[in-house]
Amino acid sequence: DSAYTSGLAGGDLVIVLGWTGRAKSLFTTLVACNAHEQGGRPMVISLEMPGAKVRDRIYTIKGSGLFSNSGLALGDISTDDFSSFKSRNEDKKDFYVVSSDGIGEMTPNIAQAKIDQHKPTMLIFDYAQLGSDNSNSQDMTARMRNMSKEWKALGVANDIPVILISSATP
């Protein structure tokens with residue numbers, strides 16, 4: 001909050017850039033969970049992790065200690081804790097997770113179809129190097145330049161903030 005005091009607004013494009021394994025996905029999921037707690041409808045498009053792993057991370061964060069990531073993955077959860085979690089979140093709007101689970105391309109045009117379907121109030125794309133631009137550029141420099149423009153245009157057109165995760169590589 002101290003680094004981005006105006007908060008996220010419709011049309012903002014925020015790029016979260018960092019080395020591999022530095023918790024970019026975890027951080028942005030926390031941002032999405034906080035937005036959800038405030039009544040937002042976040043959508044996470046994950047090309048990095050399967051949808052079930054993203055869901056478990058969301059439950060772990062939103063559960064505030066009721067669950068562990070490993071416990072959810074193994075099905076080692078208390079039904080009473082899960083019922084309590086459910087009742088605390090019944091009045092919340094939906095939280096969308098989109099994942100290709102390794103199948104097919106993800107472009108801003110495909111993301112637009114998901115936005116039209118779900119009407120999220122914010123979008124997180126995890127992560128840029130695994131996606132493609134709308135013209136499926138083969139050159140990585142052209143692809144990243146085009147994707148930056150296309151994701152920004154998508155955020156402006158839909159009046160939602162877009163967070164694009166990108167890995168810094170040598």
Side-chain angles (χ1 to χ4, degrees), residues 1-62 69-70 73 95-116 118-170:
D1 287 345
S2 64
Y4 205 76
T5 57
S6 63
L8 295 173
D12 282 354
L13 174 65
V14 175
I15 298 176
V16 176
L17 177 68
W19 299 107
T20 300
R22 300 296 181 182
K24 299 176 298 295
S25 299
L26 180 62
F27 167 71
T28 56
T29 303
L30 178 62
V31 169
C33 288
N34 287 338
H36 188 249
E37 285 299 314
Q38 296 173 26
R41 289 183 314 276
M43 182 165 71
V44 176
I45 298 175
S46 178
L47 302 183
E48 182 189 25
M49 295 189 317
K53 285 191 174 196
V54 176
R55 178 208 57 214
D56 290 352
R57 178 176 278 175
I58 292 165
Y59 284 170
T60 300
I61 292 170
K62 290 185 62 66
N69 238 348
S70 59
F95 193 126
Y96 304 101
V97 176
V98 176
S99 175
S100 69
D101 286 338
I103 303 169
E105 286 287 332
M106 178 57 70
T107 66
N109 282 343
I110 294 170
Q112 181 62 60
K114 293 297 182 182
I115 290 168
D116 292 343
H118 299 299
K119 308 285 189 250
T121 56
M122 75 176 303
L123 184 141
I124 297 171
F125 183 64
D126 191 7
Y127 75 99
Q129 284 85 342
L130 296 177
S132 187
D133 61 346
N134 288 327
S135 60
N136 289 309
S137 299
Q138 297 305 305
D139 177 70
M140 186 60 80
T141 302
R143 179 187 296 186
M144 291 297 113
R145 182 182 60 246
N146 293 342
M147 284 177 66
S148 293
K149 292 176 183 176
E150 292 165 358
W151 286 104
K152 173 67 176 178
L154 184 135
V156 169
N158 293 283
D159 194 30
I160 60 172
V162 174
I163 300 174
L164 185 65
I165 301 172
S166 184
S167 180
T169 55

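The structure presented is a predicted model; accordingly, all values stated were derived computationally and were not measured. Note: hydrogens, waters and symmetry copies are ignored here, and every other heavy atom, side chains too, is used.
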> Between CG of Leu13 and CD of Glu150, what distance do you get to the nearest 0.5 Å?
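So the gap between those two atoms works out to 11.5 Å.
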> Could you give me the CA-CA distance, side-chain angles and deciding distance for Val31 and Met122, then say whether side-chain contact (heavy atoms from CB on, under 4.5 Å) is met?
CA-CA 10 Å; Val31 169; Met122 75 176 303; 4.0 Å; yes
> Hey, are Asp133 and Ser135 close enough side-chain-wise for a donor-acceptor pair under 3.5 Å?
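Indeed, the side chains of Ser135 and Asp133 share at least one donor-acceptor pair under 3.5 Å.
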> Going through the distances and angles, do Leu26 and Leu30 end up as a side-chain contact (heavy atoms from CB on, under 4.5 Å)?
CA-CA 6 Å; Leu26 180 62; Leu30 178 62; 5.9 Å; no
> Which atom names give the shortest non-hydrogen contact between Asp116 and Lys119, and what distance separates them?
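Here Asp116 and Lys119 meet closest at O-NZ, 2.7 Å.
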> Could you check whether any side-chain N or O of Arg143 sits under 3.5 Å from a backbone N or O of Ser132, counting only pairs where one atom can act as donor and the other as acceptor?
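Not confirmed, Arg143 side chain does not pair with Ser132 backbone.
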> For Trp19, does its backbone N or O pair with a side-chain atom of Lys24 as donor and acceptor, under 3.5 Å?
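Yes.
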> Is the shortest heavy-atom distance from the side chain of His118 to the side chain of Arg41 under 4.5 Å?
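Of all side-chain heavy-atom pairs linking Arg41 with His118, none is under 4.5 Å.
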> Can you tell me how far apart CD1 (Ile124) and OG1 (Thr28) are? Round to the nearest 0.5 Å.
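Interatomic distance, Ile124 CD1 to Thr28 OG1, rounded to 0.5 Å: 4.5 Å.
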> So with a 6.0 Å cut-off around NZ of Lys53, is the heavy-atom count from everything else above 12?
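For Lys53, atom NZ is not crowded (no more than 12 foreign heavy atoms under 6.0 Å).
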> Any idea which heavy atoms bring Asn69 and Arg57 closest together, and the distance?
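Where Asn69 meets Arg57 most closely, the heavy atoms are OD1-N, 3.4 Å.
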> Considering all heavy atoms of both residues, which atom of Ile45 and which atom of Ala111 are nearest to each other, and what is their separation?
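Closest approach of Ile45 to Ala111: CD1-CB, 3.7 Å.
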> How long is the straight-line distance from OH of Tyr96 back to OG1 of Thr121, given to the nearest 0.5 Å?
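Those atoms lie 9.5 Å apart.
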> To the closest 0.5 Å, what do you measure between OH (Tyr127) and CD1 (Ile15)?
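Nearest 0.5 Å value for the OH-CD1 distance: 15.0 Å.
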> Suppose we screen for side chain to side chain contact (heavy atoms under 4.5 Å, CB included). Which residues come up paired with Ala128, at least two apart in sequence or across chains?
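Ala128: side chain to side chain contact (heavy atoms under 4.5 Å, CB included) contacts with Met144, Met147, Leu164, Ser166.
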> Just to verify, what does Thr141 make a side chain to side chain donor-acceptor pair (under 3.5 Å) with, not counting sequence neighbours?
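Testing Thr141 for side chain to side chain donor-acceptor pair (under 3.5 Å), a comparison that skips the adjacent residues, returns none.
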> Which distance, rounded to the nearest 0.5 Å, do you find between the CE of Met49 and the CG of Asp126?
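So the gap between those two atoms works out to 6.5 Å.
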> Sub-3.5 Å donor-acceptor pair from the side chain of Asn134 to the main-chain atoms of Asn109, do we have one?
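It does hold such a pair.
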> Atom CZ in Phe125, atom OG1 in Thr107: separation rounded to 0.5 Å?
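Rounded to the nearest 0.5 Å, the CZ-OG1 separation comes out at 8.5 Å.
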> Run the side chain to side chain contact (heavy atoms under 4.5 Å, CB included) test against Ile115 and tell me which residues pass, sequence neighbours left out.
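For Ile115 the side chain to side chain contact (heavy atoms under 4.5 Å, CB included) partners, ignoring immediate neighbours, are Met43, Gln112, Pro120, Leu123, Leu154, Asn158, Ile160.
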> Could you walk me through whether Leu8 and Ile163 pass side-chain contact (heavy atoms from CB on, under 4.5 Å), step by step?
CA-CA 9 Å; Leu8 295 173; Ile163 300 174; 4.0 Å; yes
> Looking only at heavy atoms, which two atoms of Ser46 and Ser99 are closest? And how far apart?
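Closest heavy-atom pair between Ser46 and Ser99: O-OG, 3.3 Å.
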> Is there a side-chain hydrogen bond (donor to acceptor under 3.5 Å, both in side chains) between Ser167 and Thr20? Walk through the geometry before answering.
CA-CA 6 Å; Ser167 180; Thr20 300; 3.2 Å; yes
> Taking Thr29 for its side chain and Ile58 for its backbone only, find out whether a donor-acceptor pair lies under 3.5 Å.
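Judged by distance alone, no pair lies under 3.5 Å.
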